[in-house]
Amino acid sequence: MLLTLLLSLAQPAAALEVKWWGIGPQVGTMAVPGNYPFAFPDNAKDEANSPLVEKIRGDISFGAHGVLYPAAKSRLGARALVGLGTGQSWSSWQFTLEYDGALVNEDGFQLLAGAGIGAGTERFGGTVDAPDGYLVANYFPVRGQVTALLRDRTRAYEISIYGTWHIVADQTYYDFKGADGITGAEADALVPGALYGGFGVEASVFFGDFRSKKSGGGGGGGGGG
């Protein structure tokens, strides 16, 4: 389903005179896990004011990433990702739209910097003292990235270092989920200050058209735009 969502990027590539385009899988992890919202609903804390949900740990994200180059030195992108943590500690999904510009654009190689914004949701599992509870946070991710990309005619390979800041829209702490699916939610509110960040590494492989399209014909691999 994630890849189907991103296939729409290929349609403009077929209809317009674009430089390059590609779609493919992505995998990543946070280099500094251990994050969760800075503020919580009142019922998501114990009597000592400590959170009743676990921090993120042992995470991995995977999904699909698509890019479309209107010109050699600029591109539009979209990502649809699912994230998982060890045990039942954390899970997420996220979709972002992005723009990148080339800092270096040599034959078959690019160094890009860009930013994006999107929407997502995360689930934080309960602590040992409250194993049946969990927190659901809906948020808007704002991200920036620096990317190194190598390309040939029909494939491209990239690795990115990224930072992300989550602007939380709403949070709900459920103190239990019964076998019948009925949940207990004592608080559902916008919590001021519920912002948190992340820092990590991602790698993608693209399949598409990365052939050089120089005016008057021309050979392969050129980085001009």
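These numbers were taken from a predicted model, which means no experiment stands behind them.
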N/O donor-acceptor pairs under 3.5 Å from side chains in residues 111-119, not counting sequence neighbours:
none

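Hydrophobic clustering of Ile, Leu, Val, Met, Phe, Trp and Tyr side chains at less than 4.5 Å, counting indirect connections, unites Y157 with F207. Taken together through direct or relayed side-chain contacts under 4.5 Å among Ile, Leu, Val, Met, Phe, Trp and Tyr, I167 and Y162 form part of one hydrophobic cluster. If you chain together hydrophobic residues whose side chains sit under 4.5 Å apart, V142 and M30 fall into the same group.
By the side chain to side chain contact (heavy atoms under 4.5 Å, CB included) test, I159 is found to be paired with A148, V201, residues two or more places apart in sequence or in another chain being considered. Scanning for side chain to side chain donor-acceptor pair (under 3.5 Å) contacts around T121 gives N138, with sequence neighbours left out. Qualifying side chain to side chain contact (heavy atoms under 4.5 Å, CB included) partners for T154, counting only residues two or more places apart in sequence or in other chains: D152. Remark: S61 pairs with no residue by the side chain to side chain donor-acceptor pair (under 3.5 Å) rule, at least two apart or across chains. Applying the salt bridge (Lys or Arg N to Asp or Glu O under 4.0 Å) rule to E202 yields the partners R79, R143; only residues at least two apart in sequence or on another chain are considered. Residues meeting the side chain to side chain contact (heavy atoms under 4.5 Å, CB included) test with I161, sequence neighbours left out: F199. With sequence neighbours excluded, no residue forms a side chain to side chain donor-acceptor pair (under 3.5 Å) with S92. Remark: T29 engages D59 in a side chain to side chain contact (heavy atoms under 4.5 Å, CB included) (not counting sequence neighbours).
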Practice item. Test V18 against Y69 for side-chain contact (heavy atoms from CB on, under 4.5 Å), laying out the working first. Key: CA-CA 6 Å; V18 299; Y69 284 76; 5.9 Å; no
Review point. Where do Y174 and T172 land on the side-chain contact (heavy atoms from CB on, under 4.5 Å) test, with the steps shown first?
Key: CA-CA 6 Å; Y174 299 90; T172 305; 3.5 Å; yes
Check your understanding: Does the pair R151 and Q110 meet the rule for a side-chain contact (heavy atoms from CB on, under 4.5 Å), with working shown?
Key -> CA-CA 9 Å; R151 67 180 188 274; Q110 286 187 317; 3.9 Å; yes
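Pairing each heavy atom of F206 with each of R75, the nearest pair is CE1-NH1, 4.4 Å. The two residues A130 and L52 make their nearest non-hydrogen contact at CB-CD2, 4.2 Å. Taking each heavy atom of P141 and G120 in turn, the nearest pair found is CD-N, 4.1 Å. Residue L81 comes nearest to A64 through the heavy atom pair CD2-N, 4.4 Å, listed as atom of the first residue, atom of the second, then distance. In this structure, A78 and L97 approach most closely via the heavy-atom pair CB-CD2, 3.8 Å. Nearest approach of G126 to E54, heavy atoms of both residues: O-CG, 3.3 Å.
With D100 contributing its side chain and A102 its backbone, the two residues share no donor-acceptor pair below 3.5 Å.
Annotation: side chain of W93 is not in contact with side chain of R123 (no heavy-atom distance under 4.5 Å). Contact annotation: the side chain of F62 never approaches that of P25 to less than 4.5 Å [non-hydrogen atoms, C-beta and beyond].
Rounding to the nearest 0.5 angstrom, the gap separating the CZ atom in R155 from the CG atom in D209 is 14.0 Å. Atom OG1 of T127 is separated from atom CG of D132 by 10.5 Å, given to the nearest 0.5 angstrom.
Between the side chains of Q171 and Y139, not a single donor N or O lies within less than 3.5 Å of an accepting N or O. Between the side chains of E98 and T96, at least one donor N or O lies within less than 3.5 Å of an accepting N or O.
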